[in-house]
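Only one structure is covered here, and it is reproduced in the block below.
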Amino acid sequence: LFLILCLFGPGHVKVERSIDINASADLVKTKLGDYKFFHGSWSPWTEKDPGMKTTYTGEAGKEGHSIAWESEKDEVGHGSMTYNGIHGDSVMHTLHFEGQGDASIYHVVAANDKGSKVTWVMENDVDFLFRGMMLFMNMDAMVGPDFEKGLNKLKSAIESLPAETSGANFDIHE
C-alpha cells in the first residue's frame, strides 16, 4: 500500500509568497544576502525561538556565507542556510534541515512602481519513498504562513532603514 501511495505522491514541492517593498531592488538583494540581518530583523523562526543557537560563517553577500542554527523547538529544529549568490533577478540559497535533506530557496526581486516586488520561493524534489507521506502533508499550509510573516517583517525592516544617499558631496555656503 505504501509503495502505491508513493506512486501517486508529488515528486516536486513548491511554496511561494510575494510582497511589495518600498525600496530599490539592489538594496533588497543586498539585504537578502545578509544572514545576520535575516536572523535579527525578519526571520519568522527567530520569534519562535529567540534563544536558538546561531553561528555565521563567511562574509555577508559573498557566496558561501551561511547561518546554522540549533533549537530545541520542533518547529525550528536544526539546520543551515547557505548563500549561493545573485543570478539575474534571483537571490539563491540552499536550505538544509538535519535529517530532511536540502531544499532550494530563492528570492525573486523585481523592480516595480512601488520599489520592488519580492517573491520568496522554496522548492525541492521529493524522493520516491517520501512521496506517499507528501499526500498527507500540505507544505503550502505548513510553510506559507511563515513566509508571509517573514516577508511582512522584511518589508518593515527594509522600509525603516535610513534613507540611501547618492554618495554626492555637498558644499554648504552661507
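In this text, all values refer to a predicted model and were calculated from it rather than measured experimentally. Position 1 is the first residue of the sequence, and the numbers go up from there.
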Under a 3.5 Å distance rule, please check whether S41 uses its side chain to pair with a backbone N or O of F38 as donor and acceptor. no
Quick check: do H39 and M52 have side-chain heavy atoms less than 4.5 Å from each other? yes
Any M139 side-chain heavy atom under 4.5 Å of M134 side chain: yes
Return the minimal non-hydrogen interatomic distance between L135 and L5, and the atom names on each side. CD1-O, 3.4 Å
Could you tell me whether a side-chain N or O of S90 sits under 3.5 Å from a main-chain N or O of M92, the two making a donor and an acceptor? no
Has T94 got a side-chain atom pairing as donor or acceptor with T82's backbone, closer than 3.5 angstrom? no
Which residue pairs satisfy the ring pair (Phe, Tyr, Trp, His ring centres under 6.0 Å) criterion with at least one member in residues 125-150, sequence neighbours excluded? W120-F147
Under the side chain to side chain donor-acceptor pair (under 3.5 Å) test, which residues partner H87, sequence neighbours left out? none
How far apart are the closest heavy atoms of A157 and F37, and which atoms are they? CB-CZ, 3.7 Å
Can you confirm whether K149 is buried at NZ, in the sense that more than 12 heavy atoms of other residues, nucleotides or ligands lie under 6.0 Å from that atom? no
In terms of heavy-atom contacts, G88 and K29 come closest through O-NZ, 3.2 Å
In Å and rounded to the nearest 0.5 Å, what is the CD to OG1 distance from E70 to T55? 7.5 Å
For V126 and R131, work out which heavy atoms get closest and say how close. O-NE, 3.0 Å
Which heavy-atom pair separates W42 from L154 by the least distance, and what is that distance? CB-N, 3.4 Å
Distance (rounded to the nearest 0.5 Å) between S160 OG and K155 NZ: 11.5 Å
K117 and side-chain contact (heavy atoms from CB on, under 4.5 Å): which single residue from N112, I21, D89, V108 fits? N112
Just verifying a value: how many Å separate H12 NE2 and K14 NZ, rounded to the nearest 0.5 Å? 6.5 Å
Is V121 linked to W45 within one hydrophobic cluster, defined over Ile, Leu, Val, Met, Phe, Trp and Tyr using a side-chain heavy-atom separation of less than 4.5 Å? no
Please indicate whether I4 has more than 12 foreign heavy atoms, meaning atoms of other residues, nucleotides or ligands, lying under 6.0 Å from its CD1. no
Does K73 offer a backbone N or O that forms a donor-acceptor pair with the side chain of S71 under 3.5 Å? yes
Straight-line distance of N124 CG to I105 CD1, nearest 0.5 Å: 8.5 Å
For a quick test of reading the model, state the closest non-hydrogen atom pair linking S116 to V28 and the distance between them. OG-CG2, 4.0 Å
Any side-chain heavy-atom pair from K48 and D146 closer than 4.5 angstrom? yes
Let's go through Y83 and L32 carefully: what are the C-alpha distance in whole Å and the side-chain angles of both, what is the deciding distance for side chain to side chain contact (heavy atoms under 4.5 Å, CB included) to 0.1 Å, and is it a yes or a no? CA-CA 9 Å; Y83 176 74; L32 290 171; over 6 Å; no
Non-hydrogen side-chain atoms of I19 and N152 separated by less than 4.5 Å: yes
Distance col, row K62:NZ vs D34:CG, nearest 0.5 angstrom, shows 12.5 Å
Got a sec, which pairs hit ring pair (Phe, Tyr, Trp, His ring centres under 6.0 Å) with one end in residues 52-73, sequence neighbours left out? Y35-H65, W69-F97
Would you say the side-chain atoms of E159 pair up with the backbone N or O of N22, donor to acceptor, closer than 3.5 Å? yes
For the backbone of G40 and the side chain of T46, can you confirm whether one donor and one acceptor N or O come within less than 3.5 Å of each other? no
Do V13 and Y106 belong together in a cluster built from hydrophobic side chains that touch within less than 4.5 Å? no
Just how far is it from atom CD of E72 to atom NE2 of H78, taken to the nearest 0.5 Å? 5.0 Å
